[in-house]
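The first residue of the sequence shown is numbered 1, and numbering continues consecutively from there. Quantities reported herein were computed from a predicted structural model and do not represent experimental measurements.
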Amino acid sequence: EEARIVEFVISSTVAEDPPQPQPLGPPRLNFRGRLMLMRQIASDTEVDAVALVMKGAPDFARALDLLDEIERLKQSGKTVVCYAESLSDTELMLASAADLLVMPPSGTLFLDGLVVESMYFKDMLAKVDVHVEQLSIGEYKTAYEEFAHSEMSAGQRQTLEDLLDEFYGQMITTTARNRGVGTEVVEGLYAQLMVPADRATEAGVLDAAEFHDQYEARVATMLGVESTEWVDDYGQDSDELEALLNNPFAMMSALPALLNPPPREPPTEPYVAIVYATGEIVSGSSQADFYGNVASMGSDT
């Protein structure tokens, strides 16, 4: 018997823009599209497990969304596994949700915590005889204080510290709960900054410090099968792309449709329309960057 394992990449590269059409191959998924792909995997009866491939981590809010979807995968009966050569603090929080978390013996956790930096320009501006007057309504209204102050105000410092404390506490408690250890254990690892894989295994944060072939054998044992199929292109129509690449005439015939796609008709059934509002709000028309991603939201369009 063979088990089918889908590899799902988690990275810091995320976008909220609508899916972008590509000259060749399927559209590039935005963040919502990736969440929907995880839900598709959860409902696919032919998938036995999901392997998280950590290539960075998104911002904190999106990381929490991903954690919800990983939990959905587990509730659907899928086994979730992860093998990582190294993990940052946010990556560890995500990977901690796996049923099996393994690193190579040379692996390291980099738990440097959270930090916020702000630059203040009052003294620099004074050198060119520019002085900024900031009007604040309340102690915690701190917009543009970096141009009017030489250092952080007490209100801004308290706000940022409270946010960092909340994020840090959530990382600690989530990681500890997922790995079945006390919060003091995770905090103890943070105090060490760089934690070798064997030490993290002894603490119970990792399940094992093994090489990749040992990890694959462990996964097969968990699933109760003799062999495993690892799928790294789930949801991609690779057959159509391969046909286009192998037939230049088919590629040329597809160009008109790519350059001038047919208009999309609205559904006849009741539906919910999603408006992607990303970027800075500006007057005039919306703008796109060099790659075609939404760079600003224009009031006219």
Side-chain angles (χ1 to χ4, degrees), residues 1-16 19 26-84 87 90-103 170-171 173-181 204-208 210 212 215-239 267 269-272 274:
E1 187 179 357
E2 185 177 63
R4 191 165 186 244
I5 304 170
V6 171
E7 296 183 344
F8 188 89
V9 176
I10 295 178
S11 71
S12 57
T13 304
V14 293
E16 296 289 357
R28 185 172 66 241
L29 292 177
N30 63 355
F31 185 68
R32 180 180 179 276
R34 296 187 62 75
L35 296 181
M36 294 302 101
L37 181 61
M38 293 183 80
R39 296 189 184 185
Q40 179 182 338
I41 296 171
S43 62
D44 191 336
T45 57
E46 296 184 358
V47 175
D48 300 291
V50 176
L52 303 179
V53 181
M54 305 303 302
K55 294 186 177 181
D59 59 71
F60 203 78
R62 293 187 178 97
L64 296 181
D65 285 340
L66 284 172
L67 279 171
D68 288 341
E69 295 305 324
I70 294 172
E71 186 59 33
R72 187 191 297 266
L73 286 170
K74 295 167 68 173
Q75 290 176 357
S76 71
K78 305 290 188 282
T79 300
V80 179
V81 299
C82 181
Y83 186 89
L87 290 171
T90 310
E91 288 175 330
L92 175 61
M93 181 180 70
L94 288 166
S96 69
D99 299 299
L100 176 67
L101 178 55
V102 179
M103 296 183 79
Q170 197 159 5
M171 283 199 305
T173 56
T174 300
T175 303
R177 181 181 66 249
N178 287 341
R179 302 312 300 164
V181 299
V205 173
L206 299 181
D207 292 303
E210 299 176 339
H212 201 273
Y215 158 74
E216 290 185 347
R218 187 185 286 263
V219 172
T221 301
M222 281 184 66
L223 298 176
V225 296
E226 295 181 358
S227 62
T228 53
E229 176 195 4
W230 299 73
V231 180
D232 61 1
D233 58 353
Y234 184 90
Q236 301 178 23
D237 193 354
S238 56
D239 293 338
E269 300 294 330
Y271 63 94
V272 176
I274 299 176

Legend entry - Shortest non-hydrogen contact between T90 and A57, atoms and distance: CG2-CB, 3.8 Å
Legend entry - Counterpart residues, side-chain contact (heavy atoms from CB on, under 4.5 Å), relative to R39 (two or more places apart): M36, E69, R72
Inset, instruction - Kindly say whether D99 contributes a backbone atom to a donor-acceptor pair with the side chain of K74 at under 3.5 angstrom? - result: no
Legend entry - Gap between atom CE of M38 and atom NZ of K78 - 0.5 Å precision: 12.0 Å
Under 3.5 Å, which donor-acceptor pairs do the side chains of residues 219-232 form with other protein atoms, sequence neighbours left out?
{"from": "T221", "atom 1": "OG1", "to": "A217", "atom 2": "O", "distance (Å)": "3.0"}
{"from": "T228", "atom 1": "OG1", "to": "W230", "atom 2": "NE1", "distance (Å)": "2.8"}

Inset, instruction - Not counting sequence neighbours, which residues clear side-chain contact (heavy atoms from CB on, under 4.5 Å) with D207? List them please. - result: L100, L101, R179
Legend entry - Minimum-distance pair of heavy atoms, taken over all atoms of A95 and L87: CB-CD1, 4.1 Å
Inset, instruction - Give the minimum heavy-atom separation between M93 and Q170, together with the two atoms involved. - result: SD-O, 4.4 Å
Inset, instruction - Report the residues that fulfil side-chain contact (heavy atoms from CB on, under 4.5 Å) with D48, sequence neighbours left out, ordered by chain and then residue number. - result: A3, R4
Legend entry - All side-chain contact (heavy atoms from CB on, under 4.5 Å) counterparts of K55, not counting sequence neighbours: V9, S11, V53
Legend entry - Qualifying ring-ring contact (aromatic ring centres under 6.0 Å, His included) pairs with a residue from residues 49-70, counting only residues at least two apart or across chains: F60-F167
Inset, instruction - State, to 0.1 Å, how close L94 and P58 come at their nearest heavy-atom pair, and which atoms those are. - result: CD1-CD, 4.2 Å
Inset, instruction - Using modelled atom types only, decide if a donor and an acceptor are shared between the side chain of Y83 and the backbone of A51 within a distance under 3.5 Å. - result: no
